[in-house]
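Working notes, beginning with the structure itself.
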Protein chains: 2
Amino acid sequence: MVPKNRNNVPTPVDFTLISKALVIISGKWRLTIILLIGEDTFRFRQFREQLPSMSEKMLAGELKALVALDVLTRTVYAEVPPRVEYSLTKKGRLALPILRQLQQVGHLFN
Amino acid sequence: MVPKNRNNVPTPVDFTLISKALVIISGKWRLTIILLIGEDTFRFRQFREQLPSMSEKMLAGELKALVALDVLTRTVYAEVPPRVEYSLTKKGRLALPILRQLQQVGHLFN
DNA sequence: CAGCATCCCGGAGGATACTG
DNA sequence: CAGTATCCTCCGGGATGCTG
């Protein structure tokens with residue numbers, strides 16, 4: 001229940017926090033990437049296999065963005081052929097339970 | 001924690017549910033509208049006052065979409081001048097706690 | 001008061017080919 | 001293997017004006 005003041009003005013919603021949250025999950029793919037990786041570690045190729053309908057460009061761009069947002073970590077192994085692994089950062093893991101609940105919202109509106 | 005099978009394949013993420021959830025909160029305004037209205041009842045004009053940076057067209061369009069999605073109810077009063085009131089549907093109210101938590105996600109990535 | 005109609009632009013998102 | 005580079009399409013979102 002949202003508390004109201006005596007003038008019946010709704011409790012202020014923090015638009016800043018909303019927009020920050022929307023940045024994390026915005027677009028067609030970010031939330032999917034986050035939920036897909038979960039507690040695991042993924043290579044570029046594994047994402048491609050799991051999300052075949054997502055283009056390489058989109059995948060590369062979204063991964064880069066999520067790294068910049070400190071949602072994902074990117075680990076490069078000095079091997080030949082190169083190996084790059086992605087996993088959630090601490091912040092990402094903290095957000096995971098909430099983001100998983102969004103699937104319940106999807107279920108609600110079936 | 002996500003359970004895995006013995007082949008280390010991650011538990012399937014339900015892409016259908018994700019996309020349905022994303023429809024509900026997609027765009028720059030839907031989540032904001034939902035959180036703003038909360039348990040209250042809003043008139044068109046009140047939205048405009050609370051969200052002055054949102055154009056009328058966007059507001060009208062998003063309200064209509066949210067009504068079609070069964071997130072909002074629209075009640076028209078046969079008065080002159082016309083009065084139209086919006087509030088969350090039962091489903092909308094059920095989703096509200098989860099959607100509110102998204103602000104915590106925004107807070108995490110400050 | 002509470003919208004809809006019309007026009008427009010920028011950027012999200014896609015297809016394909018190439019590279020360290 | 002893990003990405004860039006380039007090009008292109010489409011539509012979200014804004015501005016403005018009109019209407020029941």
Side-chain angles (χ1 to χ4, degrees), chain A residues 8 15 18-37 40-69 71-88, chain B residues 8 15 18-37 40-69 71-88:
Chain A
N8 200 34
F15 301 128
I18 295 177
S19 74
K20 287 204 164 102
L22 283 177
V23 167
I24 303 298
I25 62 174
S26 68
K28 221 166 143 180
W29 297 111
R30 282 187 198 179
L31 180 59
T32 304
I33 289 173
I34 295 171
L35 294 181
L36 183 62
I37 192 168
D40 289 329
T41 295
F42 267 62
R43 301 181 62 172
F44 191 86
R45 181 146 210 289
Q46 293 177 282
F47 283 115
R48 294 236 67 201
E49 289 164 3
Q50 299 289 322
L51 304 170
S53 64
M54 185 182 187
S55 73
E56 281 194 353
K57 174 198 143 185
M58 287 307 301
L59 177 57
E62 295 304 90
L63 289 176
K64 182 181 270 189
L66 288 171
V67 169
L69 286 167
V71 177
L72 293 181
T73 38
R74 189 185 121 108
T75 310
V76 183
Y77 295 88
E79 301 175 355
V80 179
R83 179 161 59 107
V84 179
E85 290 186 347
Y86 295 89
S87 53
L88 288 180
Chain B
N8 199 35
F15 301 128
I18 294 177
S19 73
K20 288 204 164 102
L22 283 177
V23 168
I24 303 297
I25 62 174
S26 69
K28 221 168 146 180
W29 298 111
R30 281 185 201 181
L31 180 59
T32 304
I33 289 173
I34 295 171
L35 294 182
L36 183 62
I37 193 168
D40 290 328
T41 295
F42 268 61
R43 301 181 62 172
F44 192 84
R45 182 147 209 288
Q46 293 177 283
F47 283 116
R48 293 237 66 202
E49 287 164 3
Q50 298 289 322
L51 303 171
S53 65
M54 186 182 187
S55 73
E56 280 193 354
K57 174 197 143 184
M58 287 307 302
L59 177 55
E62 295 305 88
L63 289 176
K64 179 183 267 188
L66 289 171
V67 168
L69 286 166
V71 177
L72 293 181
T73 39
R74 189 184 123 111
T75 309
V76 183
Y77 295 88
E79 301 174 356
V80 180
R83 178 161 60 107
V84 179
E85 289 187 347
Y86 295 89
S87 54
L88 287 179

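In what follows, chains are A, B, ... by sequence order, proteins preceding strands, each numbered from 1. It should be emphasised that the depicted structure is a prediction, and the values quoted were computed from it without experimental measurement.
Taking atom CE of B/Met54 as the reference point, atom P of D/dT16 lies 17 Å away to the nearest angstrom. Rounded to whole angstrom, the span from the CG atom of B/Leu22 across to the C1' atom of D/dG12 amounts to 15 Å. Taking atom NZ on B/Lys28 and atom P on D/dG12, their separation rounds to 14 Å, with Å as the unit. Between A/Leu59 atom CG and D/dT4 atom P there is a gap of 10 Å when expressed in whole angstrom units. One can place CE of B/Met58 at 16 Å from C1' of C/dC7, the figure rounded to the nearest angstrom. Note: CG (A/Leu72) to P (D/dA2) measures 15 Å, nearest angstrom. If you measure from atom CD of B/Glu85 to atom C1' of C/dG3, you get 16 Å, rounded to the nearest angstrom. Atom CD in B/Glu56 sits about 13 Å away from atom P in D/dG14, given to the nearest Å.
In this structure, A/Arg48 reaches neither bases nor backbone, as no heavy-atom distance under 4.0 Å exists between it and the strands shown. If you check every strand for non-hydrogen atoms under 4.0 Å, B/Tyr86 touches sugar and phosphate atoms only. The residue A/Phe47 sits apart from the nucleic acid: no heavy atom pair falls under 4.0 Å.
For B/Lys64 and C/dA2, the shortest distance from a side-chain N or O to OP1 or OP2 is not below 4.0 Å. Under 4.0 angstrom from either OP1 or OP2 of D/dA2 there lies no side-chain N or O belonging to A/Arg83. When the side-chain nitrogen and oxygen atoms of A/Arg45 are compared with OP1 and OP2 of D/dC1, one or more of them lie within a distance under 4.0 Å. Dashed line: the shortest gap from a side-chain N or O of B/Lys57 to OP1 or OP2 of D/dG17 is not under 4.0 Å.
When the nearest nucleotides of DNA chain D are assigned to B/Glu62 and A/Ala60 by heavy-atom distance, the more 5′-ward of the two goes with A/Ala60. Toward the 5' end of DNA chain C, the nearer of the two residues B/Gly61 and A/Trp29, judged by each one's closest nucleotide, is B/Gly61. Map A/Pro82 and A/Ser55 each onto its nearest nucleotide of DNA chain C; the residue landing nearer the 5' end is A/Ser55.
What you find for B/Glu56 and B/Phe44 is that their closest heavy atoms are O-CZ, 4.2 Å. The heavy-atom pair separating A/Val67 from A/Tyr86 by the smallest distance is CG2-CE2, 4.2 Å.
Under a 3.5 Å cut-off, the side chain of B/Arg83 and the backbone N or O of B/Thr75 do not form any donor-acceptor pair. Of the possible donor and acceptor atoms, none in the side chain of B/Arg30 sits under 3.5 Å from a partner among the backbone N and O of B/Leu22.
No side-chain heavy atom of A/Ile34 sits less than 4.5 Å from a side-chain heavy atom of A/Leu72.
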